[in-house]
Amino acid sequence: MMLRSIKSLTASSSSHILRRGYASEAVPDRKVAVLGAAGGIGQPLALLMKLNPLVSSLALYDIANTPGVAADISHINTRSEVYGYSGEAELGKALEGADVVIIPAGVPRKPGMTRDDLFNINAGIVKGLCEAIAKHCPHALVNMISNPVNSTVPIAAEIFKKAGTYDPKRLFGVTTLDVVRAKTFYAGKGKVPVAEVNVPVVGGHAGITILPLFSQATPKANLSDAEITALTKRTQDGGTEVVEAKAGKGSATLSMAYAGAVFADACLKGLNGASDVVECSFVQSTITELPFFASKVRLGKNGVEEVLGLGPLSDYEKEGLEKLKPELQSSIEKGIKFASQ
Ligand SMILES: NC(=O)C1=CN([C@@H]2O[C@H](COP(=O)(O)OP(=O)(O)OC[C@H]3O[C@@H](n4cnc5c(N)ncnc54)[C@H](O)[C@@H]3O)[C@@H](O)[C@H]2O)C=CC1
Ligand SMILES: O=C([O-])CC(=O)C(=O)O
């Protein structure tokens with residue numbers, strides 16, 4: 001299929017960067033590739049990455065419909081040049097030189113499905129994309145959005161191991177939407193300013209494996225045990241709440257695009273040398289007995305600089321942690337088994 005290359009760097013976009021407080025010479029060139037860029041998440045995520053002044057080159061890849069999305073987004077007068085790539089033959093070009101690869105490719109849930117029900121289709125999609133990443137941009141930071149994240153991240157790790165390119169510091173399951181939800185729901189219930197709220201969310205990204213640590217939330221809100229239990233459940237079921245509201249038309253796309261953009265921005269800031277960037281993410285981990293686990297992670301020039309510990313847990317959270325381990329373990333094993341075949 002035809003390769004569309006659209007340049008959109010304008011003089012006014014550079015001054016826009018300066019207005020935001022970045023000295024132009026201090027902002028290195030960074031290429032971001034979005035795989036699944038024509039989808040429900042991919043399109044708004046591509047838009048948000050086009051607005052990010054840390055991005056100099058934005059590669060939009062999908063199996064179809066990318067030229068239109070790329071042409072549309074390329075008209076926005078911000079820093080990055082936008083390139084659209086359509087079909088497998090163009091995947092290598094999309095990935096070449098990428099610093100960050102964001103993967104929202106794959107099918108979403110319909111009402112009544114679990115994230116694990118997506119495994120059969122999405123596992124194969126992720127496998128193919130990761131084989132191409134290993135070949136064309138083995139040093140990129142990979143932001144995995146495709147579900148089930150609890151299995152797709154272990155799949156990616158196995159594919160990279162097979163190719164001899166695995167670096168656990170560079171592979172991330174994107175769980176930022178759980179944090180975004182926990183912050184929003186906590187602020188609403190606790191009547192605290194949402195912009196000031198911080199809540200770590202640990203574990204994984206499906207049902208009870210999502211464990212928000214409201215005991216560590218700031219600013220402190222006066223919430224009863226029953227309210228904390230309800231907030232925990234709502235955070236764990238946040239994805240299902242959207243799937244049901246969309247009634248067969250997919251799952252969270254807009255809030256996920258926002259969350260994906262927040263996480264990619266954190267990765268870029270880390271790559272560019274910031275040393276104070278902390279986000280929750282599902283990464284290779286030794287903080288529990290599970291080989292992958294979501295927790296706070298400090299990002300830096302090499303990706304994960306430090307996997308931060310869980311901190312003090314309430315009795316309710318300790319119980320939640322023990323309950324989630326068997327499900328998370330089995331989803332991880334399912335991914336590893338698939339990729340090892
Ligand atoms: N990690 C998280 O918090 C969240 C993850 N998701 C997951 O993100 C994924 C995508 O969701 P949506 O964007 O709503 O789905 P969608 O169906 O709207 O878009 C998916 C896109 O992937 C593309 N695609 C399929 N196979 C591909 C391949 N081999 N290479 C490149 N692109 C390919 C499709 O053409 C489509 O444009 C789903 O698996 C969903 O469950 C969704 C919300 C939150
Ligand atoms: O629920 C889903 O299927 C999509 C997702 O992961 C989320 O919204 O958290």
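Each ligand, and each atom within it, is numbered from 1 in the order the structure gives. Not measured: the values here are computed from a predicted model. Numbers for residues simply follow the sequence, beginning at 1.
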Checking contacts here: is it the side chain or the backbone of Asp178 that comes within 4.0 Å of ligand 1, counting heavy atoms only? Could be both or neither. neither
Applying the side-chain contact (heavy atoms from CB on, under 4.5 Å) test to Asp315, which of Glu317, Lys318, Glu319 qualifies? Lys318
Relative to ligand 1, is Ala105 under 4.0 angstrom through side chain, backbone, both or neither, heavy atoms considered? both
Could you work out, for atom 17 (O) of ligand 1, the closest of Pro108, Pro44, Gly239 by heavy-atom distance? Pro108
Do the non-hydrogen side-chain atoms of Met256 and Tyr258 ever get within less than 4.5 Å of each other? no
A side-chain contact here means heavy atoms from C-beta on lying under 4.5 Å apart; do Leu213 and Leu313 qualify? yes
Can a non-hydrogen atom of His205 be found less than 4.0 Å from any atom of ligand 2? yes
Is any side-chain heavy atom of Glu88 closer than 4.5 Å to a side-chain heavy atom of Tyr61? yes
Is Thr253 touching ligand 1 with its side chain, its backbone, both, or neither, if touching means heavy atoms under 4.0 Å apart? side chain
Just checking Phe172 against Phe263, ring centres under 6.0 Å apart? yes
As an exercise, identify every atom of ligand 1 less than 4.0 angstrom from a heavy atom of Asn122. 39 (O)
Looking only at side chains, do Ser74 and Lys50 share a donor and an acceptor under 3.5 Å apart? no
Looking only at non-hydrogen atoms, the one of Val243, Asn65, Ile121, Ile41 nearest atom 42 (C) of ligand 1 is Ile41
Between Thr176 and Glu279, a side-chain donor and acceptor under 3.5 Å: no
Are Asn150 and His205 close enough that a side-chain donor and a side-chain acceptor fall under 3.5 Å? no
Hey, looking at atom 29 (N) of ligand 1, which of Val107, Leu91, Asn143, Ile125 has the closest heavy atom? Ile125
Whether Pro104 lies under 4.0 Å from ligand 1, heavy atom: yes
Answer yes if the side chains of Tyr186 and Glu227 hold a donor-acceptor pair under 3.5 Å, and no otherwise. no
Selection from Arg181, Arg109, Arg115, Met256 by shortest heavy-atom distance to atom 8 (O) of ligand 2: Arg181
Quick one: look at Leu177 and ligand 2, take heavy-atom pairs under 4.0 Å, and tell me if it's side chain, backbone, both or neither. side chain
Quick one: are Lys189 and Ile228 in side-chain contact, heavy atoms under 4.5 Å? no
List ligand 1 atoms under 4.0 Å from Leu129, heavy atoms only on the residue side. 30 (N)
Can you check which of Met256, Glu88, Met113 brings a heavy atom nearest to atom 44 (C) of ligand 1? Met256
Using heavy atoms and a 4.0 Å limit, tell me yes or no: is Asn147 in contact with ligand 2? yes
Can you check whether Leu35 has an N/O within less than 3.5 Å of an N/O in ligand 1? no
If you measure every N/O of Ser251 against every N/O of ligand 1, is any gap under 3.5 Å? no
Under 4.0 Å from a heavy atom of Ala252: which atoms of ligand 2 are those, numbered in the order shown and with their elements? 8 (O)
Could you please spell out the steps behind the salt bridge (Lys or Arg N to Asp or Glu O under 4.0 Å) verdict for Glu289 and Lys325? CA-CA 9 Å; Glu289 61 273 36; Lys325 285 179 182 170; 3.3 Å; yes
Near Ala252 (heavy-atom distance under 4.0 Å), the atoms of ligand 1 are 42 (C), 43 (C)
Between Arg115 and ligand 1, which part of the residue brings a heavy atom under 4.0 Å of the ligand: side chain, backbone, both or neither? neither
Give the contacting part of Val149 toward ligand 1: side chain, backbone, both or neither, where contact means a heavy-atom distance below 4.0 Å. side chain
Which of the atoms of ligand 2 are close to Gly239, meaning less than 4.0 Å from one of its heavy atoms? 1 (O), 7 (C), 8 (O), 9 (O)
Heavy-atom pairs closer than 4.0 Å: do any link ligand 1 to the side chain of Thr175, the backbone, both, or neither? neither
